Amino acid sequence: MNQSALRYFLEVARTGSVNAAADRLRVAASAVSRQVAKLEDELGTSLFERHSRGMLLTQAGRLLASYAQRTALESDQIVNEIRELSSAGRGLIRLGITEGLAVSFIPEMIHAFRLDRPHLLFNIKVFPPAGVVKAVQEGEVDVGVTFSVKPEGGVKIQWQQAMPSYAIASTSHPLIGRGRVEISELLKYPVAILDDAATIRQVLDMYCASKGVSLEPIATSTNIASLLTLCRLGAAVTFSAYISVRMAVRDGHVAIVPFNEARFLERNLQIQTMLDRTLTQTITDFINFLVTELEKPEAIYSITPEGAGDAQNSSEPSGA
């Protein structure tokens, strides 16, 4: 199959429109239409369903799009690997991550990894959890790191582990030092939380619904940094996995309130790559680097019942 035709086809698949694909490719729309038609003639089947609202892939089109994405990525991969053979080569890893992981964990990991590989470049895209999965499936990113509450298709799970959740509050909050508390006690105080695209909000909503508890946050946000500021000011409590807030906890800006129902708010943290894609050695090394850090006990911030009375002093996490 002609590589230019595949490139045009893939752009139509991504945009859902011949005109939009032509704009992105900076060619005439008629040229895009001809290349797609040639592919359909060559394969003897329709690749798109044409609708007034746009062009949707048929089953055959989805199969070809998956192949074309892998081919394009592997072509880029060969170029990057050849460039990395040169001392002046600069490899690139494209990451798709959720909001909480963008605050401190992933930046810390990039900094530590680049100490040995200063030539390496990173591109970070922040998405809602579903957006991370889509970006991995479509080859927009090389590695996705996200929380998940259900099985995901079209991606390879390189690693996953259940992560407990904690309540996050100001260091002077009345519940600090009380040990493990009930969610019902936490909800007596103002709550601020990520919006319903975030998995922590989804599992908290499900828990509250199962208990007939009303959750009425004083603020919702797509940005965890704004929630941590509200917590630091004593204006609200929020909920999070420790890994998303560990720098703020280590720096003494906020504190952790462990609660008894944490297992109901567990989510799987996953490292994802595109299904059937061959990874470069550099990407594989970075994934292994992440896994090594994530499997340390302090990544989860496990608190024993005996130490729960003073969460910060009982299990002080190490640095990144």
Side-chain angles (χ1 to χ4, degrees), residues 99-101 103-105 147 149 161-196 198-221 223-269 296-320:
E99 168 69 23
L101 300 171
V103 174
S104 63
F105 176 67
F147 289 100
V149 293
Q161 184 167 303
M163 291 280 173
S165 298
Y166 298 95
I168 313 300
S170 74
T171 55
S172 59
H173 194 279
L175 292 179
I176 297 298
R178 287 266 307 275
R180 296 189 185 276
V181 301
E182 304 290 329
I183 284 186
S184 57
E185 291 182 78
L186 287 163
L187 297 183
K188 292 176 182 177
Y189 297 89
V191 170
I193 194 165
L194 291 171
D195 68 11
D196 54 12
T199 54
I200 186 65
R201 176 63 182 273
Q202 293 167 19
V203 293
L204 184 58
D205 281 345
M206 286 188 287
Y207 175 81
C208 289
S210 71
K211 299 296 182 181
V213 175
S214 175
L215 177 62
E216 298 180 354
I218 65 160
T220 59
S221 178
N223 177 256
I224 196 169
S226 61
L227 302 181
L228 290 177
T229 298
L230 284 170
C231 291
R232 184 177 182 178
L233 293 171
V237 173
T238 195
F239 292 85
S240 174
Y242 171 68
I243 201 163
S244 298
V245 297
R246 67 183 195 172
M247 178 177 284
V249 173
R250 287 201 311 261
D251 291 347
H253 296 159
V254 293
I256 284 178
V257 182
F259 55 93
N260 290 324
E261 302 94 331
R263 67 186 181 89
F264 293 107
L265 270 60
E266 275 189 347
R267 298 160 293 153
N268 283 329
L269 182 63
K296 294 177 180 179
E298 57 266 29
I300 300 176
Y301 194 65
S302 179
I303 304 174
T304 62
E306 293 76 17
D310 187 351
Q312 287 180 289
N313 294 329
S314 66
S315 179
E316 184 66 20
S318 69

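From a predicted model like this one, the values you see are computed outputs, not experimental measurements.
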A side-chain contact here means heavy atoms from C-beta on lying under 4.5 Å apart; do [X] and [Y] qualify?
| X | Y | value |
| --- | --- | --- |
| F264 | S210 | no |
| F259 | L265 | yes |
| V257 | L186 | yes |
| L269 | L101 | yes |
| V203 | T199 | no |

Q | Partner residues of R201 under the salt bridge (Lys or Arg N to Asp or Glu O under 4.0 Å) criterion, sequence neighbours left out | A | D205
Q | Residues which pass salt bridge (Lys or Arg N to Asp or Glu O under 4.0 Å) with E266, listed by chain and number, not counting sequence neighbours | A |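 By the salt bridge (Lys or Arg N to Asp or Glu O under 4.0 Å) rule, E266 matches no residue at all.
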(Q) Among I256, I200, I224, exactly one meets side chain to side chain contact (heavy atoms under 4.5 Å, CB included) together with S240. Which residue is that? (A) I224
Q) Okay, side chain of S170, backbone of L233: is any donor-acceptor separation there less than 3.5 Å? A)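 No, the answer is negative, given that no donor and acceptor are paired below the 3.5 Å cut-off.
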Q) Is a donor on one side and an acceptor on the other found under 3.5 Å between the side chain of Q202 and the backbone of D196? A)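 Yes, Q202 side chain to D196 backbone: donor-acceptor pair under 3.5 Å.
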Q: Please report the C-alpha distance between L215 and L187 in whole Å, then the side-chain angles of each, then the deciding distance to 0.1 Å, and finally whether the side chain to side chain contact (heavy atoms under 4.5 Å, CB included) criterion is met.
A: CA-CA 8 Å; L215 177 62; L187 297 183; 3.9 Å; yes
Closest non-hydrogen atom pair between [X] and [Y], with its separation:
| X | Y | result |
| --- | --- | --- |
| S244 | V103 | O-CB, 4.1 Å |
| S104 | R246 | OG-CG, 4.2 Å |
| V191 | A236 | C-CB, 4.1 Å |
| E99 | A225 | OE2-N, 4.2 Å |
| I218 | A235 | CD1-O, 3.5 Å |
| G252 | T171 | O-CG2, 3.5 Å |

How long is the straight-line distance from [atom2] of [Y] back to [atom1] of [X], given to the nearest 0.5 Å?
| X | Y | atom1 | atom2 | answer |
| --- | --- | --- | --- | --- |
| E185 | R180 | CD | CZ | 13.5 Å |
| L204 | I183 | CG | CD1 | 6.0 Å |
| K188 | L175 | NZ | CG | 9.5 Å |
| E182 | N260 | CD | CG | 4.5 Å |

(Q) Can you tell whether the side chains of E261 and K211 come within less than 4.0 Å, N to carboxylate O? (A)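 Salt bridge: no.
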(Q) Can you confirm whether the side chains of S214 and E216 place a donor and an acceptor under 3.5 Å from each other? (A) yes
